[in-house]
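In this chain, numbering begins with 1 at the start of the sequence shown. Atoms within a ligand are numbered from 1 in the order they appear, just like the ligands themselves.
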Amino acid sequence: MERYIIGMDLGGTNIKAGLFTKNFVRVAENRAHTREKEGPEAVLQCMLRTARQLMEDAGVEQEEIGCMGIGVPGLLDRKAGISVFSPNLTGWENVPVARWFEEHLSIPVFIDNDVRMNLYGEWYFGAGKNKQNVVLLTLGTGLGAGVVMDGHVLYGATGSAGEIGHMNMYRTGRPCKCGSSGCLGRYVSALGLLRTVREKIEGGQPSVLSDWTQRDLKQITAKMVSEAFDLGDPVARNALYETGELLGYGLVNVINLYNPEIIIVGGGMAAAGERLLARTREIVKKHALELSQHACEIVTAFLGDGAGILGAAVFAWKAASRQEEKSEKERWQPSFFC
Ligand SMILES: [Zn+2]
């Protein structure tokens, strides 16, 4: 009984879910469209169907599931299991995700930020395995980050510790959703890179990217920028160089602050690899504290987009074990303490 764990990743476009054994071997995986425009109840129902489909695919009964972890984007009240706000999900405010699933599946359900779930995955089974000081960056639409220091995942007073994407790089710069401007994530992310590319082309610099999209510059993707880079396109080369440089200065601060053993670069844009990171490494070498930079390697993520569901399963398993331990202690509490 209770031999399996469900790990789920709620994104603005897709829901991903995996069914894992207690040794974190994946026995089934499933995906569905989020249908976020239909509102929270429809999204939750869609997530529930995805979870039930997993059990059906693996031939596992509901009673055999021990717990479930869900990575949710945006602001959370992690302890209460409430998703407070998520900018990419329509009408999504104060959604009691954990309680809703506990009522429908009768198992303990735990939520955390989607980037931290990726961090748990990469830390336990990916590039950060056996390390005690890990920083994970996810370069996707924005720049997400999570930090492990001395073997503990950092949360901070409001769960915002390690928000590297909002590190201020320019006193005045591109406006950010957080209300500030000049934040690192406005430049070092897929959207940031594409904006840099567009600014260069609109400024009159010739590029194959303009031809490939018949001058509809909104059609340019991060993958196309990498392809243009490989053809020696100057706009693509300069844009990736500048983005890598800014990432480098961001990481100088990260290395000096957190003294990590490893910085893992994940997310869709990590596919640019050394096209981006070569300049990053040069900046780190030149500017980070010497002892700290020698102790730190910068690598791309191992687990790809499977890190989130695996991490959610690890997170849930840890949280459920802690809960069990606690109730065990309470049960054995001598009566004179009461
Ligand atoms: Zn910001």
Residues Phe125, Phe24; criterion ring pair (Phe, Tyr, Trp, His ring centres under 6.0 Å); working and verdict: CA-CA 9 Å; Phe125 295 104; Phe24 301 103; 5.5 Å; yes
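Applying the side-chain contact (heavy atoms from CB on, under 4.5 Å) rule to Ala312 yields the partners Met117; only residues at least two apart in sequence or on another chain are considered. Residues passing the side-chain contact (heavy atoms from CB on, under 4.5 Å) test with Asn256 are Val252, Ala288, Leu289, sequence neighbours excluded. Applying the side-chain contact (heavy atoms from CB on, under 4.5 Å) rule to Gln214 yields no partners; only residues at least two apart in sequence or on another chain are considered.
With waters left out, the protein N, O or S atoms under 2.8 Å from the Zn ion (ligand 1) add up to 4.
Of the charged side-chain nitrogens involved, none lies within less than 4.0 Å of a carboxylate oxygen, so that Glu242 and Arg237 do not count as a salt-bridged pair.
Annotation for Met269 and Leu276: closest pair CE-CD1, 4.0 Å, computed over non-hydrogen atoms.
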